[in-house]
Amino acid sequence: MGNTVTCCVSPDASPKLSRARGGGGAAPGPDRWADAYQAAAAGGGSAAAEAESGDSDPGGGGGPHLQHISDREFPDDLALESNPSDHPRASTIFLSKSQTDVREKRKSNHINHVSPGQLTKKYSSCSTIFIDDSTVSQPNLRSTIKCVTLAIFYHIKNRDSDRSLDIFDEKSHPLTREEVPDDYYKHDPEHKHIYRFVRTLFSAAQLTAECAIVTLVYLERLLTYAEIDICPSNWKRIVLGAILLASKVWDDQAVWNVDYCQILKDITVEDMNEMERHFLELLQFNINVPASVYAKYYFDLRSLADDNNLSFLLEPLSKERAQKLEAISRLCEDKYKDLSKAAMRRSFSADNLVGIRRSNAILS
């Protein structure tokens with residue numbers, strides 16, 4: 001990550017490139033990356049090197065005991081107000097920033113008597129049910145990237161100020177050899193510009209839709225923890241850093257820093273390592289994303305899509321798909337029934353003592 005012994009030394013060491021050529025090369029999974037980053041936070045070592053070599057053993061008996069990231073506790077009052085990326089009950093920042101534009105758009109439509117919905121939008125009827133192919137466990141890649149980039153667009157457009165750090169400034173650390181204009185910090189990027197940038201990275205690195213949602217979680221966590229704003233001068237490097245981190249934590253076949261250097265031809269491995277190290281330090285090495293937080297971001301992105309008429313691809317519900325959904329529903333229902341039965345066998349409360357069968361006492 002931050003030195004020459006990381007996984008980013010040469011293209012030949014990249015598991016992503018090996019996979020593209022048909023080779024093997026397993027990369028560390030999310031749990032290994034979380035443990036390695038936690039070890040780096042405590043000892044200042046190289047997280048990537050430890051995760052790859054297997055030397056990182058936070059739970060082992062030989063090394064010092066390290067608190068797992070998921071065991072960290074946050075004060076409730078601070079959590080709800082300042083850390084929406086850590087707690088499921090806190091409202092996402094991007095959704096609140098988009099509401100100003102949504103209200104103005106609805107007001108304009110009402111005054112001009114314009115229908116808020118698209119004329120081609122499909123609605124379910126008694127004979128036909130329309131559903132999309134995006135679920136919380138398997139989101140649609142194209143639609144999810146559109147929603148995430150729209151969230152980033154609202155972050156930039158409705159930012160409070162222009163607080164930033166030098167490591168993310170595109171003038172100080174350009175991503176291309178093209179000269180950055182002197183007024184680069186004055187012009188907000190359009191949504192389609194952000195979408196093309198993110199789509200190019202996801203397509204070249206073969207990243208998943210889930211990774212896009214985690215990218216947004218890390219982005220908002222960075223803005224909250226570091227108390228900075230995403231603005232025209234830093235949005236590309238902040239988004240790149242969030243994608244880089246999310247791909248390593250979420251994807252078992254992680255994209256290494258050297259892979260991004262082949263996508264963005266003019267950036268160096270040293271620059272990527274330095275940006276990743278600063279990103280992790282600003283996050284306080286908190287890369288844990290609870291399932292409840294992930295689900296909150298997914299459904300808030302769906303709400304954002306509805307508010308901006310970004311409809312997901314709808315198809316009529318066929319008989320085969322209905323049977324498949326029913327089978328999945330029954331499988332999940334049986335699984336949770338088994339879990340609840342196992343929990344009841346482990347312990348009983350005082351309310352259940354009446355139902356326990358008692359043996360007859362023998363008097364002599």
Side-chain angles (χ1 to χ4, degrees), residues 80 83-110 114-123 130-160 188-199 201-202 207-224 229-232 235-236 238-239 242-243 246 250 289-314:
L80 294 178
N83 297 299
S85 61
D86 291 318
H87 298 270
R89 290 180 295 168
S91 176
T92 53
I93 303 175
F94 71 86
L95 194 61
S96 60
K97 285 185 177 294
S98 68
Q99 293 307 305
T100 302
D101 288 41
V102 171
R103 285 192 294 266
E104 292 179 356
K105 190 180 299 183
R106 289 175 178 173
K107 183 178 179 180
S108 176
N109 291 338
H110 177 73
V114 177
S115 175
Q118 296 179 344
L119 298 177
T120 58
K121 187 174 182 179
K122 300 177 181 179
Y123 295 92
F130 291 98
I131 61 173
D132 58 65
D133 62 346
S134 182
T135 63
V136 67
S137 59
Q138 293 181 340
N140 178 274
L141 177 61
R142 183 172 179 270
S143 300
T144 302
I145 293 179
K146 274 193 173 182
C147 293
V148 169
T149 53
L150 184 61
I152 297 173
F153 168 78
Y154 279 120
H155 263 291
I156 300 173
K157 182 180 179 182
N158 297 326
R159 62 188 182 277
D160 298 326
D188 292 352
E190 298 181 3
H191 174 222
K192 61 181 180 180
H193 187 192
I194 305 173
Y195 173 73
R196 282 197 298 265
F197 178 77
V198 176
R199 183 190 61 183
L201 292 175
F202 270 71
L207 301 179
T208 61
E210 297 91 338
C211 185
I213 298 176
V214 177
T215 295
L216 184 59
V217 175
Y218 288 156
L219 188 147
E220 292 205 341
R221 187 172 294 175
L222 174 74
L223 301 182
T224 303
D229 301 281
I230 183 169
C231 51
W235 72 269
K236 283 187 178 181
I238 288 180
V239 171
I243 293 176
W250 185 265
V289 179
S292 54
V293 171
Y294 172 89
K296 176 188 68 174
Y297 272 78
Y298 170 80
F299 288 110
D300 281 1
L301 286 171
R302 297 281 307 225
S303 300
L304 182 69
D306 292 337
D307 293 339
N308 292 270
N309 295 327
L310 291 179
S311 58
F312 288 69
L313 182 62
L314 298 175

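Hydrogens, waters and symmetry mates play no part in the numbers below; they use all other heavy atoms, side chains included. For the single chain, residues carry numbers from 1 onward in sequence order.
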(request) Determine, step by step, whether Leu141 and Thr208 satisfy the side chain to side chain contact (heavy atoms under 4.5 Å, CB included) criterion, reporting the C-alpha distance in whole Å, the side-chain angles of both residues, the deciding distance to 0.1 Å, and the verdict. (result) CA-CA 7 Å; Leu141 177 61; Thr208 61; 5.8 Å; no
(request) Would you mind reporting whether Leu222 and Ile230 have side-chain heavy atoms less than 4.5 Å apart? (result) no
(message) Could you walk me through whether Thr92 and Lys296 satisfy the side chain to side chain contact (heavy atoms under 4.5 Å, CB included) test, starting with their C-alpha distance in whole Å, then the side-chain angles of each, then the deciding distance to 0.1 Å, before giving a yes or no?
(response) CA-CA 8 Å; Thr92 53; Lys296 176 188 68 174; 3.9 Å; yes
(request) With rounding to the nearest 0.5 Å, note down the distance linking CZ in Phe299 to CG in Leu95. (result) 13.5 Å
(request) Report the distance from atom OG1 of Thr144 to atom CG of Leu216, rounding to the nearest 0.5 Å. (result) 11.0 Å
(message) If I take atom CG from residue Asp307 and atom OG from residue Ser98, how far apart are they, to the nearest 0.5 angstrom?
(response) 6.0 Å
(request) Test Trp235 against every option in Leu219, Ile156, Asp229 by the side-chain contact (heavy atoms from CB on, under 4.5 Å) rule and name the one that passes. (result) Ile156
(request) Go through the side-chain N and O atoms of Glu210 and Tyr298 and say whether any donor and acceptor fall under 3.5 Å apart. (result) no
(message) Nearest 0.5 Å, please: how far is CG in Asn83 from OG1 in Thr224?
(response) 6.5 Å
Which atom pairs, donor and acceptor, lie under 3.5 Å between side-chain atoms of residues 188-195 and protein residues at least two apart or in another chain?
residue : atom : partner : partner atom : Å
Asp188  : OD1  : Arg159  : NH1          : 3.2
His191  : NE2  : Lys146  : O            : 3.2
His191  : NE2  : Thr149  : OG1          : 3.0
His191  : NE2  : Leu150  : N            : 3.4

(request) Apply the test side chain to side chain contact (heavy atoms under 4.5 Å, CB included) to residues Tyr297 and Val148: give CA-CA distance (whole Å), side-chain angles for both, the deciding distance (0.1 Å), then the verdict. (result) CA-CA 10 Å; Tyr297 272 78; Val148 169; over 6 Å; no
(request) Give a yes or no on whether the ring-centroid distance for Tyr294 and Trp250 is below 6.0 angstrom. (result) yes
(message) Rounded at 0.5 Å granularity, tell me how far OG1 in Thr215 sits from CG in Leu207.
(response) 7.5 Å
(message) Test of understanding: with salt bridge (Lys or Arg N to Asp or Glu O under 4.0 Å), list the residues that count as partners of Asp300, not counting sequence neighbours.
(response) none
(message) Could you measure the distance from the CG atom of Leu304 to the CZ atom of Phe153? Nearest 0.5 Å is fine.
(response) 11.0 Å
(request) Please examine the side chains of Glu220 and His155, heavy atoms only from C-beta on, and report whether any two atoms are closer than 4.5 Å. (result) yes
(message) With salt bridge (charged side-chain N to carboxylate O under 4.0 Å, His left out) as the rule and sequence neighbours excluded, what pairs involving residues 147-158 come up?
(response) Asp101-Lys157
(message) Has Ser143 got a side-chain atom pairing as donor or acceptor with Asn140's backbone, closer than 3.5 angstrom?
(response) no
(request) Might you work through the side chain to side chain contact (heavy atoms under 4.5 Å, CB included) test for Ile152 and Phe94, ending with a clear yes or no? (result) CA-CA 7 Å; Ile152 297 173; Phe94 71 86; over 6 Å; no
(request) For the pair Lys97 (side chain) and Asn158 (backbone), establish whether a donor and an acceptor sit closer than 3.5 Å, ignoring hydrogens and angles. (result) yes
